[in-house]
Amino acid sequence: MRARPPTLVALFLATLVLSLWRAVCVLAGPDIDTDAYAHHMIARAILADPRDLAVHWVWLPLFHYAQVPLVLLGGALDAVRWINVLLTAALPVVLFEYVQRTSKSRRSRMAPEATALVAALVAACCPIVMQMGTTGQPEPLFALLVLGVAIAFQRDRHVWTGVLLGAAVMTRYEAWAALGIVAFFVAYRRGRGWIAVAIPVGLIFVWAAMRRPVDGEWFGFLRQTKQFANDALHTRGGVIGDLIYYPVKTAYRVMGAVLPLAVLGVVRTLRQQGLRFVLVLAACLGFVSLTWVTRSSLGLDRHFVCVVPLYATFAAQGATVVADALAKIARRPIAGRAVAAVLAAGSLAGLLVQLDVWMGFWRDSIVRGWPERRAIAAYLQALPAGRTIYCDEATIELLTGLDRRRFDRHWVDDPHTWDLVQARAATDGVVYVATWRRKMRGHEQAGDIAFTAGADPSDAQGSGVAVMRVER
């Protein structure tokens, strides 16, 4: 059954308005998510030396390789942000199509397209989804991939499940938990649909084999991920608090007034959208919860983005549950639909208020940006063309807009890098080092500090950013 034109128009207008809202944020200034710069810088580094797999650090590689053609065509980080504006718009559309095809009501006779529209609007208006849709992060792509996996697996589209899951497991680790769910059902059905497991498992082992010489062990990047998170956090919480951190605390923080409806719609979502659909998405939620309990992740709100379609579907089905219950009591279907409509509209209104606050703060942060990094980028832009710049800070490199081939990305706090700097200066006459001022401490004799920005007067040598000119 196809949705009626008024519903499609409402979905189109909502998607368009929210996309324009994200576009305003992109136009307000450069990305302020530092990890986005690191991902894009890795794509540039791949072109400098495709054999250097260590450049991927603890991250999975697909998002980096996907940006390589963009870099070759001259695209910058803002191009990734514009792509994410579109990918974020696609998420509620895909969710709408699936929920509309699989939903049905009982006593209230709620139209499937109404349930689907509520689910799509909740997913589209979720503040963390909107926020990530203005950055150069992989979350919009990953959320779309995981939703595709859940739908394809529920529909027994095994090849599509394998292809989408293969892409997902090479983008973020949460998809590895979804792979576990898919593998369980394939095993339960005695190998039926084996291709859905073979593709992602094969890709994981190929990547692990490629990384083994770099890490010195199989799956060494997993240990490095856990070690990084543990070193960064230095905190432990109560087990109960940690277990509900993502399913309840984060869900409330990013979905607010919609969450009570989500609680009511869990059972109906399982019955109508399907057990496998729910479990694939819930596996990602279980993964981020477990990694938070073990402090193997940083507990960021953006890790919840891939689970938003599940909660949005719960909320939409929760409204339908209310409609059916009231229709049974009042013995009038229209009464149930009316009350459900008011509840859904009220919840969405609350979510929009929350979204306005989030995006207001987010846009203000983008406008403020990083004045010291913009200043150093402007200084580097004014340098004579062709001069090599040693820079290990991705935000500085990308804000300059200079040709990627002018940069050498060796870590400046590695003593060996300074030998390379001196050797390059002996060959070229002059080179520049651009990084955090603290990393130059102890190397002042190598050259002259030509530019500084953002320094704290009480610690001029240990704060801010700087450029050093090193001559032959």
Side-chain angles (χ1 to χ4, degrees), residues 30-31 34-59 61 64-65 67-77 80 136 213-214 370 372-454 461 464-472:
D31 203 336
T34 54
D35 280 356
Y37 287 86
H39 286 301
H40 194 67
M41 186 276 292
I42 290 171
R44 290 161 67 106
I46 289 171
L47 290 172
D49 185 2
R51 298 167 300 177
D52 182 13
L53 299 183
V55 73
H56 296 280
W57 190 42
V58 299
W59 286 316
H64 306 148
Y65 287 114
Q67 295 184 62
V68 168
L70 194 64
V71 174
L72 280 172
L73 293 172
L77 180 59
V80 182
V214 177
W370 297 307
E372 75 285 356
R373 301 185 213 192
R374 290 190 190 186
I376 195 173
Y379 178 84
L380 293 173
Q381 287 172 340
L383 293 178
R387 297 297 188 191
T388 298
I389 303 168
Y390 283 79
C391 179
D392 61 356
E393 174 53 48
T395 55
I396 294 175
E397 175 182 336
L398 296 179
L399 287 172
T400 65
L402 296 174
D403 190 304
R404 58 184 170 81
R405 287 162 287 204
R406 289 189 59 183
F407 291 90
D408 187 303
R409 303 175 185 88
H410 281 87
W411 293 108
V412 177
D413 46 6
D414 180 354
H416 176 61
T417 298
W418 291 93
D419 296 333
L420 299 176
V421 170
Q422 294 288 358
R424 190 62 177 263
T427 302
D428 296 354
V430 176
V431 297
Y432 293 87
V433 181
T435 187
W436 299 99
R437 178 63 180 86
R438 67 178 183 274
K439 293 188 176 185
M440 296 181 179
R441 186 179 288 164
H443 298 282
E444 286 82 0
Q445 74 281 0
D448 299 320
I449 302 296
F451 181 85
T452 61
Q461 295 186 352
V465 291
V467 176
M468 177 183 285
R469 175 187 169 94
V470 181
E471 298 185 13
R472 181 181 305 163

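Scanning all heavy atoms of the two residues, the minimum distance from Arg472 to Ala426 falls at NE-O, 3.3 Å. Among all heavy-atom pairs drawn from Val68 and Ala43, the shortest one is CG2-O, 3.9 Å. Residues Val470 and Ala446 come closest through the heavy atom pair CG1-O, 3.4 Å. When every heavy atom of Ala453 is checked against every heavy atom of Ala375, the shortest pair comes out as CB-CB, 4.1 Å.
In this structure, Gln422 CD and Thr427 OG1 are separated by 11.5 Å, a value rounded to the nearest 0.5 Å. Atom CG of residue Leu77 and atom CD of residue Gln67 lie 7.5 Å apart, to the nearest 0.5 angstrom. Within the model, atoms OG1 of Thr452 and CD of Glu372 stand 11.5 Å from one another, a figure rounded to the nearest 0.5 Å. The CZ atom of Arg437 sits 11.5 Å away from atom CD1 of Ile376, with the distance rounded to the nearest 0.5 Å. Rounded to the nearest 0.5 Å, atoms CZ (Arg387) and CZ (Arg406) are 9.5 Å apart. Going from atom CG of Asp413 over to atom NE2 of His443 covers 8.5 Å, rounded to the nearest 0.5 Å.
Without hydrogens or angle criteria, Asp448 side chain to Ala450 main chain gives no donor-acceptor distance under 3.5 Å. Checking side-chain atoms of Thr417 against main-chain N and O of Trp411 turns up a donor-acceptor pair under 3.5 Å. Gln381 contributes a side-chain N or O that, together with a main-chain N or O of Thr400, makes up a donor-acceptor pair within less than 3.5 Å.
Under the 4.5 Å side-chain criterion, counting only non-hydrogen atoms from C-beta, Tyr37 is in contact with Leu399. At least one side-chain heavy atom of Trp418 sits less than 4.5 Å from a side-chain heavy atom of Val412. Contact annotation: the side chain of Thr435 never approaches that of Ile396 to less than 4.5 Å [non-hydrogen atoms, C-beta and beyond]. A heavy-atom distance below 4.5 Å is found between the side chains of His40 and Val80. For the pair Leu402/Ile389, a side-chain contact is recorded, criterion being any heavy-atom separation below 4.5 Å from C-beta on.
Applying the salt bridge (Lys or Arg N to Asp or Glu O under 4.0 Å) test to Arg424 and every residue at least two apart in sequence or in another chain returns Asp428.
With respect to Glu397 and Arg373, no salt bridge is recorded, no charged nitrogen being found less than 4.0 Å from a carboxylate O.
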Q.
Set out, in order, the CA-CA distance, both residues' side-chain angles and the distance that settles side chain to side chain contact (heavy atoms under 4.5 Å, CB included) for Val465 and Glu393, then state yes or no.
A. CA-CA 10 Å; Val465 291; Glu393 174 53 48; over 6 Å; no

**Q.** His56/Tyr65 under side chain to side chain contact (heavy atoms under 4.5 Å, CB included): CA gap, chis, key distance, verdict
**A.** CA-CA 10 Å; His56 296 280; Tyr65 287 114; 3.3 Å; yes

Q: Please test Tyr390 against Leu420 for side chain to side chain contact (heavy atoms under 4.5 Å, CB included), starting from the C-alpha separation and ending with a verdict.
A: CA-CA 10 Å; Tyr390 283 79; Leu420 299 176; 4.1 Å; yes

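Partner Asp392 forms a side-chain hydrogen bond (donor to acceptor under 3.5 Å, both in side chains) with one of Lys439, Arg409, His410 and no other, that one being Lys439.
Note on ring orientation: taking the six-membered ring where Trp is involved, the planes of Trp59 and His64 are perpendicular (angle over 60°, cut-offs 30° and 60°).
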